Amino acid sequence: MFRAYPTSPVCGIVPAMSESSFPAKLVDKFGRHVDYIRLSVTDRCDFRCVYCMTEDMSFVPRREILSLEELYQIAAAFTELGVKKIRLTGGEPLVRTDVMTLIQNLGALPGLRELLLTTNGSQLTTYAEPLKRAGVNRINISIDSLQADRFQRISRVGRLDKVLAGIDAVVAQGFDRIRLNSVVMMGYNEDEVLALTDYALDRNVDIAFIEEMPLGEASDHAREDTTCSNAWVRAQIERKYQLVDSPTRTAGPSRYSQVAGYRSRIGFISPVTHNFCEDCNRVRITVEGRLLLCLGNEHSVDLRAILRDGSKDKGDLKRALVASMEIKPERHHFYDRDHAQPVRLMNMTGG
Ligand code: SAM
Ligand code: SF4
């Protein structure tokens with residue numbers, strides 16, 4: 001188990017607030033309620049996807065990376081402030097040594113309703129069963145092509161057969177929901193939209209098509225040339241299937257449709273062509289302990305500095321989380337020349 005968090009005097013991050021006077025919810029200055037965190041457990045990965053990483057990546061030095069215990073402390077503080085849903089991401093979360101210990105501890109957090117994971121699927125034949133046992137409810141698996149050579153071109157090093165076997169392994173475990181994530185890019189995989197849809201429908205799993213976001217500079221292509229709008233992706237699917245929009249709305253940038261007669265939902269995550277920031281309910285924590293208030297802006301709080309300052313305690317951490325709501329930006333500004341674009345790549349962001 002993790003050691004107890006040390007207790008010590010209050011610091012001056014925000015006006016003094018006793019534990020009992022913490023708000024039950026995290027609410028930003030636009031009235032949005034943050035009840036969902038995406039926790040990056042590593043910036044490392046066994047793939048090098050062209051839209052996510054440059055060919056020649058350098059990673060955060062190990063001493064700057066949060067320990068599993070520190071990640072747990074952050075997650076626990078958030079749940080005490082009303083967060084109900086945690087998604088583990090990265091980098092590739094399943095390459096972090098001993099990540100199952102963290103997942104088991106998170107699965108037992110009081111107040112948490114959903115523990116989710118986003119993975120590239122390469123390790124799922126090993127981890128599907130332990131993940132289910134540890135209380136993970138839903139899994140998202142990224143897959144951009146069903147052709148082995150093309151899959152390798154996009155991931156630079158990944159093996160399609162391992163990912164397909166991983167998908168079969170999680171389907172066999174019967175998670176609440178399984179969703180495939182596909183980034184559709186002109187010149188890479190735009191002609192596979194229907195094949196990927198058929199694959200998901202055949203397995204009763206969901207699939208979400210994601211617009212490539214301008215997070216950092218891609219080294220193999222100019223993003224403005226490859227980014228495919230979801231309106232275009234949807235039109236490809238409608239050449240074969242009739243899509244019915246789902247009445248249930250989720251917070252954030254995804255919108256779901258269904259194909260009559262199938263259980264699978266087809267999601268469209270359209271952060272580039274649509275701005276759904278008014279519904280935003282989430283924040284991200286990078287593996288360096290940077291609390292990122294918005295995917296497309298640099299507003300952040302250094303949680304690692306608080307965790308590693310022996311004079312600060314859990315109350316200080318929670319005060320910093322409450323105070324951070326004041327700087328959550330109203331919206332992102334992808335491709336808006338009047339606004340600075342993020343230089344952070346997705347593996348450093350916690351996708
Ligand atoms: N390694 C895991 C995976 O690939 O699922 C988790 C981390 S990955 C950064 C999370 C998600 O971000 C993946 O579905 C990936 O396709 C997506 N992603 C990465 N870079 C992106 C970008 N520039 N634009 C849109 N989606 C991106
Ligand atoms: Fe790794 Fe996921 Fe990024 Fe691909 S998208 S390089 S699998 S972190």
Side-chain angles (χ1 to χ4, degrees), residues 38-60 87-96 99 116-124 127 131 136 138-145 151-160 162-163 166-167 170 178-186 188-189 196 206-230 233 252-254 267-274 282 284-287 292 295-296 332 334-335 341-351:
R38 294 169 87 109
L39 188 61
S40 175
V41 303
T42 181
D43 62 333
R44 276 118 172 119
C45 187
D46 50 347
F47 290 4
R48 295 284 183 277
C49 302
V50 290
Y51 47 76
C52 177
M53 292 194 183
T54 54
E55 177 133 36
D56 168 24
M57 282 292 295
S58 47
F59 296 99
V60 176
R87 177 175 299 284
L88 300 173
T89 181
E92 172 48 41
L94 297 179
V95 303
R96 173 110 194 218
V99 71
L116 320 171
L117 175 78
T118 299
T119 172
N120 65 21
S122 68
Q123 323 271 323
L124 282 176
Y127 283 106
L131 287 167
V136 172
R138 294 196 269 147
I139 297 194
N140 290 355
I141 306 151
S142 303
I143 180 163
D144 304 315
S145 174
F151 184 90
Q152 193 163 31
R153 177 178 174 227
I154 297 172
S155 62
R156 292 201 184 95
V157 288
R159 287 222 346 239
L160 176 66
K162 280 189 165 185
V163 175
I167 295 170
V170 290
I178 297 163
R179 190 181 86 190
L180 310 180
N181 282 344
S182 301
V183 178
V184 181
M185 292 181 299
M186 281 295 170
Y188 282 99
N189 62 346
L196 287 161
D206 296 343
I207 184 163
F209 293 100
I210 307 177
E211 291 176 345
E212 181 185 5
M213 287 177 278
L215 291 175
E217 207 156 311
S219 56
D220 291 16
H221 58 269
R223 295 195 197 272
E224 292 190 42
D225 298 339
T226 51
T227 303
C228 255
S229 81
N230 264 336
V233 171
S254 332
F268 297 98
I269 302 181
S270 316
V272 176
T273 57
H274 284 87
R282 64 202 60 190
R284 294 173 163 78
I285 299 98
T286 74
V287 76
L292 267 179
L295 183 61
H332 66 68
F334 291 144
Y335 289 117
Q341 299 298 303
V343 289
R344 239 177 311 110
L345 288 158
M346 191 62 142
N347 75 305
M348 268 314 302
T349 301

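Quick caveat: nothing in here was measured; it's all calculated off a predicted structure. For ligands, and for the atoms within them, numbers begin at 1 and follow the listed sequence.
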Next on the checklist: Would you say E211 and T273 are linked by a side-chain donor-acceptor pair, where the criterion is simply a distance under 3.5 Å?
Outcome noted: yes
Next on the checklist: Closer than 4.0 Å to some heavy atom of T119 - which atoms of ligand 1 meet that?
Outcome noted: 2 (C), 3 (C), 5 (O)
Checklist entry - By side-chain contact (heavy atoms from CB on, under 4.5 Å), which residues pair with I210, not counting sequence neighbours? => result N181, V183, I269
Next on the checklist: Test of understanding: given a 4.0 Å heavy-atom threshold, classify the contact between I210 and ligand 1 as side chain, backbone, both, or neither.
Outcome noted: side chain
Checklist outcome for this item: The atoms of ligand 1 lying under 4.0 Å from a heavy atom of N181, numbered in the order shown, are 14 (O)
Next on the checklist: Using a 3.5 Å cut-off on N or O atoms only, is E92 in polar contact with ligand 1?
Outcome noted: yes
Checklist entry - Which ligand 1 atoms does E212 reach within 4.0 Å, using its non-hydrogen atoms? => result 24 (N), 25 (C)
Item to check | Heavy atom of G90, distance to ligand 1 below 4.0 Å | outcome: yes
Next on the checklist: Closer than 4.0 Å to some heavy atom of T89 - which atoms of ligand 1 meet that?
Outcome noted: 6 (C), 7 (C)
Checklist entry - Do Y188 and H221 have their ring centres less than 6.0 Å from each other? => result yes
Checklist entry - G91: heavy atom below 4.0 Å from ligand 1, yes or no? => result yes
Checklist entry - Do you see a donor-acceptor pair shorter than 3.5 Å between the side chains of D144 and Y51? => result yes
Next on the checklist: Strictly under 2.8 Å, is atom 3 (Fe) of ligand 2 approached by any N, O or S atom of C45?
Outcome noted: no
Next on the checklist: Under a 3.5 Å threshold, yes or no: a donor from one side chain and an acceptor from the other, between S122 and N120?
Outcome noted: yes
Checklist entry - By number and element, which atoms of ligand 1 are closer than 4.0 Å to a non-hydrogen atom of R223? => result 23 (N)
Next on the checklist: Just to verify, what does T119 make a side-chain contact (heavy atoms from CB on, under 4.5 Å) with, not counting sequence neighbours?
Outcome noted: E92, L94, L117, L124, I139, I141
Checklist entry - Which one holds for C49 and ligand 2: side chain close, backbone close, both close, or neither close, with close meaning a heavy atom under 4.0 Å? => result both
Checklist entry - Are T118 and R87 linked by a side-chain donor-acceptor pair shorter than 3.5 Å? => result yes
Checklist entry - Looking only at heavy atoms of G91, does any of them come nearer than 4.0 Å to an atom of ligand 2? => result yes
Item to check | ligand 1 to D144 polar contact by distance, N or O atoms, under 3.5 Å | outcome: no
Item to check | V183: numbered ligand 1 atoms lying under 4.0 Å from its heavy atoms | outcome: 16 (O), 26 (N)
Next on the checklist: In this structure, does ligand 1 have an atom that sits under 4.0 Å from one of the heavy atoms of N120?
Outcome noted: yes
Item to check | Subset of ligand 2 atoms that lie under 4.0 Å from at least one heavy atom of F47 | outcome: 6 (S), 7 (S)
Item to check | Inter-residue atom distance R156.CZ - C52.SG, 0.5 Å rounding | outcome: 9.5 Å
Checklist entry - CG/D56 to OG/S219 distance, rounded to the nearest 0.5 angstrom? => result 8.5 Å
Checklist entry - Does a side-chain heavy-atom distance below 4.5 Å link I207 with R179? => result no
